[in-house]
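To start, the structure under review is shown below, and the notes come after it.
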Amino acid sequence: MRTIDDINFKGKKALIRVDFNVPLNEKYEITDDTRIKAAVPTIKKILDDGGSAILMSHLGRPKGGPEEKFSLKHLVKELSDRFGKEVKFASDCVGSEAESKAAELKEGEILLLENLRFHNEETKGDEAFAKKLSVLGDIYVNDAFGTAHRAHASTSIVAQFFEEKVSGYVMSAELENAEKVLNNPERPFTAIMGGAKISDKILIIEKLLDKVDNLIIGGGMSYTFSKAKGGKIGNSLLEEDKMDLSLELVEKAKAKGVNLILPLDTVEADDFSNDANKKVVKSGEIDDNWEGLDIGPDTIKLFAETVAKSKTVLWNGPMGVFEFPAFAVGTEGIAEAVVQATENGGFSLIGGGDSASAINNLGYGDKVSYVSTGGGALLEYMEGKELPGVKALEN
Ligand code: AMP
């Protein structure tokens with residue numbers, strides 16, 4: 001796959017698929033600019049070469065037509081401040097306004113297009129719509145790893161209309177780091193899987209059993225394992241139809257010599273709320289009508305010891321309901337252990353989504369090796385699936 005470093009953009013217009021799907025508050029202010037920051041080096045390289053940048057992205061989940069709260073115009077000021085120049089805006093991502101504004105762009109200038117998903121054709125991967133987008137630029141750059149698992153018009157279909165198509169720095173870094181963990185991990189290699197459901201992560205867990213030395217399972221999904229082993233889990237999260245599967249995973253891990261580590265204790269609560277009464281109990285001994293919302297102190301110690309002495313760490317999914325500060329202790333403890341492993345010279349990759357927010361909220365974003373910007377895309381890539389956004393750049 002070619003990258004933007006293989007191209008001199010002098011005098012060229014780059015049509016760049018970025019991931020500017022950032023959270024906005026009710027005043028339309030950006031509350032987390034991680035994704036914008038991530039795209040800056042790619043845009044800068046193109047401008048520094050003497051090219052111009054046409055930025056296209058989705059924002060939120062509009063129903064197929066314009067919606068004020070999902071307008072990308074709310075990002076214009078932030079982008080203009082960041083690049084120290086006026087960023088132009090086209091109020092529709094295709095059509096005459098976008099075309100004339102793109103045609104008028106001069107060296108070093110930036111044009112932001114309105115939300116791609118104001119057109120249903122975007123998510124349908126419509127070819128005619130993709131063609132309309134393609135006329136805006138000379139070279140296609142995809143830097144939106146977070147949507148690379150979707151065969152949308154702007155993430156994959158559009159590429160066929162370009163002779164020159166390359167990955168941006170975010171896309172390249174994501175693929176490189178995922179590859180490093182999958183194909184070349186320094187050992188011991190520990191994966192930490194958490195979050196709500198086994199069903200969402202089963203494929204990656206199975207894949208990881210062939211790769212890792214230690215597989216740590218925490219969070220909501222661990223209670224299905226506990227129940228399957230005959231434990232009492234009260235009202236904790238349970239995927240009844242995955243109980244057999246969880247026992248199979250335990251057997252598979254044994255057969256492959258993987259150290260599968262499950263929680264020793266849990267913090268149970270009498271209500272699903274931050275103010276609930278809570279108690280630490282052993283795993284499999286949760287009281288009736290109570291539910292496990294976090295891993296307990298013995299588990300944090302056990303998990304943290306394993307993580308801290310690992311040379312490669314992959315983390316996806318929180319250890320409890322970390323949105324409630326009272327039940328974020330386990331997730332924080334694991335985050336600290338991942339930082340420790342990194343300080344000890346290990347390589348740590350934080351899968352996107354909730355584990356990425358947890359690391360960033362704790363201010364540890366710079367203390368781990370890499371925080372992925374793509375949750376679903378990273379998981380699918382690691383499961384061994386071909387990502388349409390990546391494949392489109394390879395043809
Ligand atoms: P996922 O998207 O699968 O990574 O799951 C993340 C979600 O799992 C977060 O919103 C957590 O609140 C939730 N979660 C983690 N542990 C538990 C638990 N013990 N009980 C209920 N939800 C949980």
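These numbers come from a predicted model, not from an experiment. Atoms within a ligand are numbered from 1 in the order they appear, just like the ligands themselves.
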- Message: Check this for me - ligand 1, G220, N or O atoms closer than 3.5 angstrom, yes or no?
- Response: yes
- At a 4.0 Å threshold, what atoms of ligand 1 neighbour a non-hydrogen atom of Y223? 19 (N)
- L237 contact mode with ligand 1 (heavy-atom cut-off under 4.0 Å): side chain
- Query: Nearest protein heavy atom to atom 23 (C) of ligand 1, by residue and atom, and its distance?
  - Reply: V321 CG2, 3.5 Å
- Linking I/L/V/M/F/W/Y whenever any side-chain heavy atoms sit under 4.5 Å apart, do V18 and V371 land together? no
- Candidate with minimal heavy-atom separation from atom 19 (N) of ligand 1, of G292, G219, G195, G320: G292
- Task: Look at the aromatic rings of Y28 and H74 and report parallel, tilted or perpendicular, splitting at 30° and 60°.
- Result: parallel
- Message: Which residue and atom name correspond to the protein heavy atom nearest atom 5 (O) of ligand 1, and how close is it?
- Response: A196 N, 3.1 Å
- Of K197, K201, E323, which has the heavy atom at the shortest distance from atom 1 (P) of ligand 1? K201
- Query: Is the NZ or CZ atom of K45 both under 6.0 Å from the centre of the six-membered ring of F9 and within 45° of that ring's axis?
  - Reply: no
- Message: Check D33 with R82, please: is the shortest side-chain N to carboxylate O separation under 4.0 Å?
- Response: yes
- Item | Protein heavy atom at shortest distance from atom 2 (O) of ligand 1 | D354 OD2, 3.9 Å
Kindly list each side-chain donor-acceptor pair under 3.5 angstrom involving residues 247-257, sequence neighbours excluded, with atom names and distances?
from	atom 1	to	atom 2	distance (Å)
K252	NZ	E206	OE2	2.9
K256	NZ	D210	OD1	2.7

- Only counting residues at least two apart or in another chain, list the ones meeting side-chain hydrogen bond (donor to acceptor under 3.5 Å, both in side chains) with D48. K44
